[in-house]
Every structure is written in C-alpha cells, then in structure tokens.
Amino acid sequence: MLDPRFVTDNLAEVKAGLARRGFTDEATLDRLATLAQARRAAIAETDALREERNRESDAMAKVADKRSPEFAAKRESLRALGDRIKAAEEAARAGEAELDELLLTLPNLPASSTPDGRSEHDNVELRVHGTRPELAFTPRDHVDLGEALGILDFERGTKLSGARFVVLRGMGARLERALMQFMMDVHADEHGYEEVWVPALVKDSALRGTGQLPKFEKDLFRIAKDADWEKESEASGHELYLIPTAEVPVTNLHADEILEGDTLPRAYCAYTPCFRSEAGSHGRDTRGMIRQHQFDKVELVRFVAPEQAEAELEKLTSHAESILQRLGLHYRVVQLCAGDIGFGSQKTYDLEVWLPSQDTFREISSCSWFGDFQARRLKARYRPAPKEKPRLLHTLNGSGLAIGRTLVALLEQYQQADGSVLIPPALRPYMGGRERLVPGKLT
RNA sequence: GGAGAGGUGGCCGAGUGGUCGAAGGCAAUCGCUUGCUAAGCGGUCGUACGCGUUAAACCGUACCAAGGGUUCGAAUCCCUUCCUCUCCGCCA
C-alpha cells in the first residue's frame, strides 16, 4: 500500500513511477489524491466539533445544580452538536471506504534501481552461473526420466486430485524430502535464518497484509465449507485460504507489531506446501511438474530497516543462489524490469535454472524487496532506537528454493545416457548415501 | 459437542457515568546515591491521525477485544460479534 500522504504530495512522481510498470490510470490517482485531501479536511472538521463537545461537557460536569434551566439549555444545544458530529463522521466514512479500496488495489512503485521495460522480454540478465551440462545424447525431459525411474506418477496424481497434481514414489518422494531438509539446514545453520513452521491455512486478513487480496483472489484456493462452517465463518468475519506461498504466514508474523531496532534484521525460513489455482494459465506447462496446484517450497523472509533494504536483497538473493551452487545446477540471475515486477514488489531478481529438455532457463526463485508496501498494510513497524517514533519496516522475501522445480532441474541436468540420474554430492547425506537414481530401483 | 470464567497500556493489575490515556506494581531507560553479588531515591516510559515544525515540542482528536446503541458526556450502562482460558466428551 502506498502512503496516501505521499501520493497527494507527489502526485506527478507517483503517476510517472506507476506508468513505468504499465499502470497508466491517471484518473484513479487523481481521485485518490482528492479523496485523501477530503479525508484530512473531514478529520479536521470532526475533531474540531468533538473538541467543542468535550469542552462543553466538561463545563456541564461542573454545574452543581443539574436541574437548573441553564443546565437544561446546555443539554439541548449539545444534543444538536452531537447530531452534527454524527453527520460529519458519516460523511467522512463514505470517502474513507473508497480511499481504502483504491489504496489496496494500487501496485507498488518500482525502485529507481529497477530498469525500464514493459514485459519479461525486457528483463536484464545479470549473471550466469556454471555451464550447460554436456550431454552426448538428446536430453529427455523430467517426465520421461521420472516415469522411467518410477519416481513420478502423474497418472495417479490425476486419479486422486485431477490435473496438475502428482504422486512422488520411492526415491522421488525421498528426493523431495531430502531437498527440503537440505535447504532448511543450509539456511538455518549457515545463513542465520530462524526456522519457523507455520499454518498453511490463513485468514483473508493475512492475505491482504501481503497483497494477494483483494486483487488476486482468483489465484487462490479458498476452502469450501459445509453449511455450518459457512455460517460460523461468516459470522466470525473471516475466510480461510490455502497459502500460495509461505511468504503470507511468515511475513504476517510481525503484523501489528513494533520490533526493537537492535533486533533487526529478522530472518526467517520456512518450508510449506503452496497451493495455487493457476487460473489464467490454462494450457501453459501442462506437461510435467513445472506448474502444479500444490508444491513444496522453502521460503526466506527478512524484516529490515529501510537503510539496509537494498543491500539485504542482495544478501537474500545470494542465499537462494547458494542452494543452486551447492547442488551444482546451472542457472542465471535476471533482474525484472518495471513492467514485469510483481504487484507489491519494487525490485525483483529471478533465479532461473537451466532445463536441457526445454533448452531454456526456467524460474526457480523470485527474490523481492517490497519497501514499506507490505509493512504499511501489515502495520509492521520497528523502533530505530529507544524512545524514537516507530517507523515502517521493509520486507523482503525469496524462494530458497521451489522444491518441485529443483527436483525437475536435478533430474534433467544430472541425467545419464543410460537413464540413470546422478545425485549431487551435497544431497547424498540426505539420500542415505545413494549416488545415483537407477531405473527400476525404487529403494 | 456440553458446562463455566474472562478480555484494560510490553507484562501484571485497579477502575461501575464527568476530575481517566487510564491508579499501583513489574519490566525498560536516564540520572543521583551507596565502596564490597546487590539495594535505595528521583525522572522518563502507548499508538494513530490532524495541525504545526528544517526536525521536534506544543496543541487537538481517537483508541480500555470489535461493531452498534443509550446519554449533554461511556473503560464504566445496553445489544451483537469475535477471541482466550478451564472442565467434560471426541480426536492425530
């Protein structure tokens, strides 16, 4: 969420910034500025009226004779004042609702260090790590490999849950678990992240905090409820959704809190399942486990002071990269242009891993700096020093990494001519010492 | 699912219509004092918005779970909702 004050005071700058990401609806911004100003005027008015009422009421308290004519007269005039206050409050509320709505649907401003560009084609490749695996044969894709190995079972995934679900078997399931374990160990033990375990079902308020709601409800799975549940839940004023990423519960950890400055930065890592409806991506990546409705991910989240934020993004990205490096995977780092960064982000690096079968790099991690965009929604603040006024935190997050896609990349990059797949040394301790996946060998 | 209790500042905890943003204690912090692990004394010590300022301060308003109501005036009275805890039942 943008600061309404900042928007009114720097309208031209905000328009220009949002235009960089393709948001050219100036009328909405003008409306927002108007509403924000009106809101301030309304506050000033109601405050003044209330002040008058408070003053007069105090005076009445001091009148000894509560049955005197003067007392009755005062009471009458204050009753009228009370009505005026109510009317003023009512008027203020109307504009406020519209203002909040606009603020919640407005995307973040790109950082000055985010390059211009309209779409993913304008993203900037920053660096490439490693080299393409030399394969003396035509690479098979992970679906062929996985099915031949007996570790990926798409048919049964579909039987159980429909399209975009998979069952992992034997060493496939083991690999998923090994990757999760490996990533968490590296981040917790070496990168200084506090490991957290969080719910995979969250309230709509949490999703509003990180920005998925109200705009992107169609991408989420909201849990269906029977009649009783529905009744209770409506009454309780919140809906439950499956999380699309651990970013949601982990970032919301510090909603409505004020952290002490000397405890920053706060770094958390979490593994969770993630659930995405993938609405609007019909026909895209239908083959294989690149795009599933449910997948596991290890997520990194950092709460930092604004001054450190941009450097913190480099740090967080390097932590995610470190996983790819230890696994010996060929990848590149891409900086997203203003037209391609996510709704709440102001600067994003994507890590893309090489997939031989597709002869291309595919996203495996996205590391973003949100500025105070999420923090303002969340009311996540920090106190720079004792006694100082609280300020909004900056939040960052990134995948470290998407486990399903890591598994895909491993299969494809480490495939051998005979259909077996080498297990990179870093992962072997987590695979019971195994060095290789062999077709027909489930244990 | 059944029965009961309760939600006040970082924590504990007073407060049943005006003098309450809220006693007292703890924690924290600053200073003073005392030569001996420690204690004593004093000050400070919520947040947001508005106004204002270079920035503050000051000032105003709001907030005692949330929303609504009664009243000239609500932490206090009424209604609705949410949440927490305890016991029983069920359950990984």
Side-chain angles (χ1 to χ4, degrees), chain A residues 1-9 32-33 35-97 99-100 103 197 199-206 208-209 225-240 252-263 266 273 306-307 372 375-393:
Chain A
M1 193 163 88
L2 298 179
D3 179 2
R5 182 115 215 172
F6 181 82
V7 174
T8 45
D9 292 351
L32 194 154
L35 286 168
Q37 261 163 337
R39 177 180 157 275
R40 266 179 279 161
I43 288 174
E45 188 193 339
T46 52
D47 278 2
L49 290 173
R50 284 186 184 133
E51 181 188 1
E52 185 182 344
R53 179 181 67 187
N54 289 345
R55 201 159 8 90
E56 293 302 317
S57 276
D58 284 348
M60 288 185 75
K62 296 195 176 74
V63 174
D65 182 2
K66 309 285 194 212
R67 275 179 294 186
S68 67
E70 303 93 284
F71 192 87
K74 272 197 162 162
R75 183 190 297 175
E76 273 316 305
S77 74
L78 276 191
R79 198 196 302 272
L81 181 59
D83 291 341
R84 280 170 64 204
I85 291 174
K86 251 175 214 169
E89 287 171 339
E90 198 66 40
R93 249 199 300 274
E96 199 137 0
L99 178 63
D100 290 344
L103 284 170
W197 187 93
L201 228 40
V202 297
K203 298 182 193 178
D204 54 349
S205 58
R208 237 191 310 283
K225 293 155 284 195
D226 64 30
D228 285 350
W229 231 107
E230 190 74 53
K231 219 169 120 197
E232 275 180 41
S233 155
E234 260 174 52
S236 68
H238 69 254
E239 296 284 341
L240 282 177
N252 274 280
L253 243 26
H254 292 306
D256 295 312
E257 292 186 7
I258 301 173
L259 305 180
E260 289 308 324
D262 59 13
T263 66
R266 298 283 191 99
E307 295 73 24
D372 60 17
R376 184 170 291 108
R377 291 168 166 249
L378 293 163
K379 297 185 180 61
R381 293 166 292 169
Y382 76 105
R383 198 181 304 281
K387 313 241 171 164
E388 282 188 36
K389 276 191 62 170
R391 297 173 64 196
L392 290 168
L393 284 157

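Quick note on labels: first sequence line is chain A, next is B, and so on, each numbered from 1.
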Q: Could you please name the option among B/G73, B/U70, B/G60 that lies closest to any side-chain atom of A/Lys86?
A: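 When the side chain of A/Lys86 is considered, B/U70 is the closest of B/G73, B/U70, B/G60.
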
Quote, to the nearest angstrom, the [atom1] distance that separates [N] from [M].
N: B/A22; M: B/G9; atom1: C1'; result: 9 Å
N: B/A92; M: B/A3; atom1: P; result: 25 Å
N: B/U34; M: B/U19; atom1: C1'; result: 41 Å
N: B/G69; M: B/G10; atom1: C1'; result: 33 Å
N: B/G7; M: B/U81; atom1: C1'; result: 14 Å
N: B/C45; M: B/C11; atom1: C1'; result: 14 Å
N: B/U44; M: B/C49; atom1: P; result: 25 Å
N: B/A75; M: B/U86; atom1: P; result: 31 Å

[N]: pairing nucleotide in any strand, Watson-Crick or G-U under 3.5 angstrom:
N: B/A55; result: none
N: B/C49; result: B/G60
N: B/U34; result: none
N: B/A28; result: B/U44
N: B/A22; result: none
N: B/C91; result: none
N: B/U86; result: B/A3
N: B/U80; result: B/A66

When the distance from [atom1] of [X] to [atom2] of [N] is rounded to whole Å, what number comes out?
X: A/Phe71; N: B/U71; atom1: CZ; atom2: P; result: 14 Å
X: A/Ile85; N: B/G73; atom1: CD1; atom2: C1'; result: 11 Å
X: A/Glu51; N: B/A62; atom1: CD; atom2: P; result: 10 Å
X: A/Leu49; N: B/A62; atom1: CG; atom2: C1'; result: 14 Å
X: A/Glu56; N: B/G60; atom1: CD; atom2: P; result: 15 Å
X: A/Glu89; N: B/G68; atom1: CD; atom2: C1'; result: 13 Å
X: A/Met60; N: B/A74; atom1: CE; atom2: P; result: 12 Å
X: A/Asp9; N: B/G50; atom1: CG; atom2: C1'; result: 14 Å

Q: Enter the distance from A/Ser205:OG to A/Arg377:CZ here, rounded to the nearest 0.5 Å.
A: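 Result: 12.5 Å between the selected atoms.
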
Q | Residues that A/Thr8 engages under side chain to side chain donor-acceptor pair (under 3.5 Å), provided they are two or more places apart | A |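 Scan of A/Thr8 (side chain to side chain donor-acceptor pair (under 3.5 Å), adjacent residues dropped) gives A/Arg40.
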
Q) Any Lys/Arg nitrogen of A/Asp83 or A/Arg79 sitting under 4.0 Å from an Asp/Glu carboxylate oxygen of the other? A)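 The answer is no: the pair does not qualify as a salt bridge.
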
Q) Would you call A/Arg55 and A/Asp58 a salt bridge, taking side-chain N to carboxylate O under 4.0 Å as the test? A)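 Looking at A/Asp58 together with A/Arg55, the answer is no, because their closest N to O distance does not fall below 4.0 Å.
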
Report each atom pair, protein N/O against N/O of nucleotides 45-49 of chain B, whose distance is under 3.5 angstrom.
from	atom 1	to	atom 2	distance (Å)
B/U47	OP1	A/Arg383	NH1	2.6
B/U47	OP1	A/Arg383	NH2	3.1
B/U47	O3'	A/Arg381	NH1	2.8
B/A48	OP1	A/Arg381	NH1	3.0

Q) Do the side-chain N or O atoms of A/Asn54 get closer than 4.0 angstrom to the phosphate oxygens (OP1, OP2) of B/G60? A) no

Q. Starting at the 5' end of RNA chain B and moving along, which residue's nearest nucleotide shows up first, A/Gly82 or A/Ala44?
A. A/Ala44

Q) Which residue, A/Arg79 or A/Arg50, contacts RNA chain B at a nucleotide closer to its 5' end, judged by nearest heavy atom? A)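 Result of the comparison: A/Arg50.
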
Q. Distance-only, no hydrogens or angles: does the A/Asp372 side chain make a donor-acceptor pair with backbone N or O of A/Leu392 under 3.5 Å?
A.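 A pair under 3.5 Å: no.
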
Q.
Could you check whether any side-chain N or O of A/Arg383 sits under 3.5 Å from a backbone N or O of A/Glu388, counting only pairs where one atom can act as donor and the other as acceptor?
A.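 Yes, because the side chain of A/Arg383 sits within donor-acceptor range (under 3.5 Å) of the backbone of A/Glu388.
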
**Q.** pair A/His254-A/Leu378: side-chain heavy atoms closer than 4.5 Å
**A.** no

Q: Identify the two heavy atoms, one from A/Val202 and one from A/Pro199, that lie closest to each other, and give their separation to 0.1 Å.
A: CG1-O, 4.3 Å

Q.
Give me the atom names and distance for the closest heavy-atom approach of A/Thr46 to A/Glu89.
A.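 Reported closest heavy-atom pair: CG2-N, 3.9 Å.
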
